[in-house]
Amino acid sequence: QVQVEESGGGSVQVGESLRLSCTVSGYTYSVYCMGWFRQAPGKERELVSSLAGDGETYYPDSVKGRFTISKGDVKNTFDLQMNSLQPEDTATYYCARGRYFFCDRPESPAAADGFDWWGQGTQVTVSS
C-alpha cells in the first residue's frame, strides 16, 4: 500500500515563504512523476508543480518563478519551496504520486487524472 504524507503547511504573511515536504512510502523503489496540487474552497484542484522521473518540471504561470519543486534529502521525499506567497495561494496543498515515470500532460485541466496516490493535504494560509 502506497502512502503519501505532506508536512510543512502553516500560516504566513504576504511575501513570506513556506517549504512543504512530501514522503512517499510502501512501494518498491521506482521513479515516478510527483506533483503538488492545491485546492481552495469553492475552486477546482489545480496542479502547481510537477517533477518527472527525468527531472523535467512544470509550473503554471500563477506560481512560476515563486515555487520550486525538488527531491528531498531523504529518498522518496519531495519538497515544494514557496516564496513570495500571496493571499491567492491560500489553499489545501496535496502531494501526489503519478502513474508513470513521465508526468502525463501536467498543463491539462485534467492533470489530476495522471496521479494515483494522494496525501491528505496540508493547509497553507497567507494573510495580508
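All of these numbers come straight from a predicted model, not from anything done at the bench.
Between L85 and E16 the shortest side-chain heavy-atom distance does not fall below 4.5 Å. Proximity of S70 to R19: side-chain heavy atoms (C-beta onward) are separated by under 4.5 Å at one or more points.
Residues in residues 48-57 take part in no salt bridge (charged side-chain N to carboxylate O under 4.0 Å, His left out) pair, two or more places apart or across chains. For residues 60-112, the set of pairs meeting the ring pair (Phe, Tyr, Trp, His ring centres under 6.0 Å) definition, not counting sequence neighbours, is empty. Applying the salt bridge (charged side-chain N to carboxylate O under 4.0 Å, His left out) definition to pairs two or more places apart or across chains, those involving residues 43-53 are R38-E46. The list of side chain to side chain donor-acceptor pair (under 3.5 Å) pairs with a residue in residues 58-68, not counting sequence neighbours, reads D61-K64, R66-D89. Note on residues 34-89: no pairs pass disulfide (SG to SG under 2.5 Å), not counting sequence neighbours.
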Which atom pairs, donor and acceptor, lie under 3.5 Å between side-chain atoms of residues 111-119 and protein residues at least two apart or in another chain?
from : atom 1 : to   : atom 2 : distance (Å)
W118 : NE1    : F115 : O      : 3.4

Considering only distance and modelled atom types, tabulate donor-acceptor pairs under 3.5 Å from the side chains of residues 2-13, sequence neighbours left out.
from : atom 1 : to   : atom 2 : distance (Å)
E6   : OE1    : Q120 : N      : 3.2
E6   : OE1    : G121 : N      : 2.9
E6   : OE2    : C95  : N      : 2.8
E6   : OE2    : G121 : N      : 3.2

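Here the closest non-hydrogen pair linking P87 and V14 is CD-CG2, 3.6 Å. Of all heavy-atom pairs spanning L20 and W36, the tightest one is CB-CH2, 3.6 Å. When all heavy atoms of R97 and V24 are compared, the closest pair comes out as CD-CG1, 4.2 Å.
Screening T92, V48, L47 against F37 for a side chain to side chain contact (heavy atoms under 4.5 Å, CB included) leaves a single residue, L47.
The side chain to side chain contact (heavy atoms under 4.5 Å, CB included) test applied to D73 returns no partner, not counting sequence neighbours. Checked against side-chain hydrogen bond (donor to acceptor under 3.5 Å, both in side chains), S17 has the following partners two or more places apart in sequence or in another chain: N83. Taking T90 as the reference, Q123, T125, V126 meet the side chain to side chain contact (heavy atoms under 4.5 Å, CB included) condition, with sequence neighbours excluded. Residues satisfying the side-chain hydrogen bond (donor to acceptor under 3.5 Å, both in side chains) test with S21, not counting sequence neighbours, are D79.
Taking CD from Q81 and CD1 from I69, the interatomic distance works out to 12.5 Å, rounded to the nearest 0.5 Å. Taken from CE in M34 to CG in L51, the straight-line distance is 8.5 Å, to the nearest 0.5 Å.
A single hydrophobic cluster is seen to contain both Y32 and L80, as judged by linkage of ILVMFWY side chains at heavy-atom distances under 4.5 Å, directly or through other members.
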**Asked** Could you walk me through whether V124 and M82 pass the side-chain contact (heavy atoms from CB on, under 4.5 Å) check?
**Response** CA-CA 10 Å; V124 171; M82 305 185 295; 3.9 Å; yes

